[in-house]
Amino acid sequence: MRGEASVLHLDLDAFFAAVEQRDKPSLRGKPVVVGGVGGRGVVSTASYEARVYGVRSAMSTREARARCPHAAFLSGRFHAYRDTSERVMRLLRDVSPLVEPLSLDEAFVDLARSDLDDLSVPSVTAFAERLRERVVEATGGLTASVGVGTSKFIAKVASDLDKPDGLVVVAPGTEQDLLRPMPVRVIPGVGPATAERLRRVGVHTVADLEQISEEEMVRLLGKASGHWLYSLARARDDRPVVAEREAKSVSVEGTYDTDLTDRRLMESLLTRQAGEVSGRLRKHGLSGRTVTIKVRLHDFTTLNRSTTLGSPTDSPATIARLARSLLADLDTSGGVRLLGVGVSGLADWVQEDLFGETAEEEVEELPEVEVPHHSRRTWAPGMDVVHTEMGRGWVWGSGRGVVTVRFETAETPAGPVRSYAMDDPELSPWRPPESTDETGSPPPA
DNA sequence: TCTGGGGTCCTAGGACCC
DNA sequence: TCTGGGGTCCTAGGACCC
């Protein structure tokens, strides 16, 4: 904990929804919900107009629709959020070289490293107000809530106190008075499970928590959490603002609207995800030794299976092969709602072949072909199965009057493929696409 | 048809080594 | 009848955060 209030926490208000309202004036002043729009989607951000109806982050979109049917439900435009976020982060770095982003919409700023010499409360307050104005200018109208205090913990608590569009500076020395009446949930790391454990021993507020001895706390919550909570209950927090943090894992996962039961489809999905993970690893010049799959069963039990290689990999084929073999040991007969692939144990070196030869590996791409249709039905990517002369395949994507079908094996039939006689009467016979380089390649003839 | 996706950190047990 | 002990790595699960 510092002598002056020199840690600033900035949080953009209802960030994703605010970007949508900024970019689409018709949404301004109206309830906007950004999140998964599918059958199993959850709310990522609700605008304040939607919050009036009780719509909250992490709520299922189904429930959000029930509470606020007239809201605009949007699936999100991440490039727009990233662009806006970068503008804000750039502005913050302009203020201090020590900026620690926590997510797209949140960051700590170390004011002790800024140009601001006078760290008195009035000086810091004026500085933070000016910063909030600059955020509005830089983002085209988005507001931020800001908290300033003697530690990260206090700054973060403070930024929450006057949302949205607020500023709270906690004067040094007043931290404990501020915290004591607050519920234990204000402490970062105290979630529903920890709060429940504490409730059972009669601890509801930070003041209650302060009465618990360190030994008792460790007994109750384990070594790390126990010591940590003991300190935070006394507003003791010396964590520095850290600008750069290295990624420890990269993963891709997906929840499907209907439970998966077909193993080959699961393998195909894992293969695709492995390709995405590999792409992101390579983009950042990373490779990792541990490949993990995540499988959430129909009853929401979640299984992780991992395997560790002798040396790091970023190869899509290797990640995919390991992922599929990890899946092979699991019983998925009850149905699977989520599949994911991740790589951890990241090594920060770009993989290089010692013999000067780069092994080019490709994902085992399965043939895909676009099939026109004249149906009004909704095709479910990954779920709808079609049968063709070429074999069985899944609907992999859909556009206007066309579905992409992905075949279940990499083996293609001999001879030119002229038509696909879909079992589904709503699918038209296949015609060769005009150009093969835009929409994925047709199966080799 | 309750319950996302991308992460981080912690715990606990077993293997293995010295 | 004896079966230490510490350190590290790996795996699996869970809590938590935004």
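What you see is a predicted model; the values in this text were computed from it and never measured. By convention in this document, chain letters (A, B, ...) are assigned in the order of the sequence lines, proteins followed by strands, and residues within each chain are numbered from 1.
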> Within 45° of the axis and under 6.0 Å from the centre of the six-membered ring of A/Phe127, does NZ or CZ of A/Arg130 qualify?
Replying inline: no
>> Does this structure show an ion pair linking A/Glu215 with A/Arg219, if we count only N-O contacts that are shorter than 4.0 Å?
In response: no
> Side chain of A/Ala224: nearest nucleotide among C/dC16, C/dC18, B/dC10?
Replying inline: B/dC10
>> Can you classify the ring geometry of A/His9 versus A/Phe108 as parallel (below 30°), tilted (30 to 60°) or perpendicular (above 60°)?
In response: tilted
> Which nucleotide in the list C/dC10, B/dT3, B/dG6 gets nearest to the side chain of A/Ser251?
Replying inline: B/dG6
> Which part of the nucleic acid, if any, lies within reach of A/Gly342 when heavy atoms closer than 4.0 Å are counted: base, sugar-phosphate only, or nothing?
Replying inline: nothing
> Any ion pair linking A/Arg132 and A/Asp165 (charged N to carboxylate O, less than 4.0 Å)?
Replying inline: yes
>> Using a strict threshold of under 4.0 Å (side-chain N to carboxylate O), is an ion pair present between A/Glu253 and A/Arg296?
In response: no
> Mind checking the P distance from C/dA15 to B/dG4? Whole angstroms is fine.
Replying inline: 16 Å
> Contact class for A/Thr292 vs. all strands (heavy atom < 4.0 Å): base, sugar-phosphate, or nothing?
Replying inline: nothing
>> Please report the distance, rounded to the nearest Å, between CZ in A/Arg305 and C1' in C/dC10.
In response: 14 Å
> Can you tell which of B/dG6, C/dA15, B/dT11 lies closest to the side chain of A/Lys223?
Replying inline: B/dT11
>> Nearest to the side chain of A/Glu253, heavy atoms from C-beta on, is which of B/dT3, B/dG5, C/dG13?
In response: B/dG5
>> What is the distance, to the nearest angstrom, from the CZ atom on A/Phe78 to the P atom on C/dC18?
In response: 16 Å
> Checking all strands, does A/Arg197 fall into the base, sugar-phosphate, or nothing category for heavy-atom contacts under 4.0 angstrom?
Replying inline: nothing
> Looking at the side chain of A/Arg62, which of C/dC16, B/dT1, C/dC10 is the nearest nucleotide?
Replying inline: B/dT1
> Distance between the P atoms of C/dC16 and B/dT1, in whole angstroms?
Replying inline: 30 Å
> How many Å lie between CD on A/Glu100 and C1' on B/dT8, as a whole number?
Replying inline: 12 Å
> At under 4.0 Å between heavy atoms, what does A/Gly189 touch on the DNA or RNA strands: base, sugar-phosphate, or nothing?
Replying inline: sugar-phosphate
> Across all strands shown, which nucleotide pairs with B/dC18 by Watson-Crick or G-U wobble geometry, both distances under 3.5 Å?
Replying inline: C/dG5
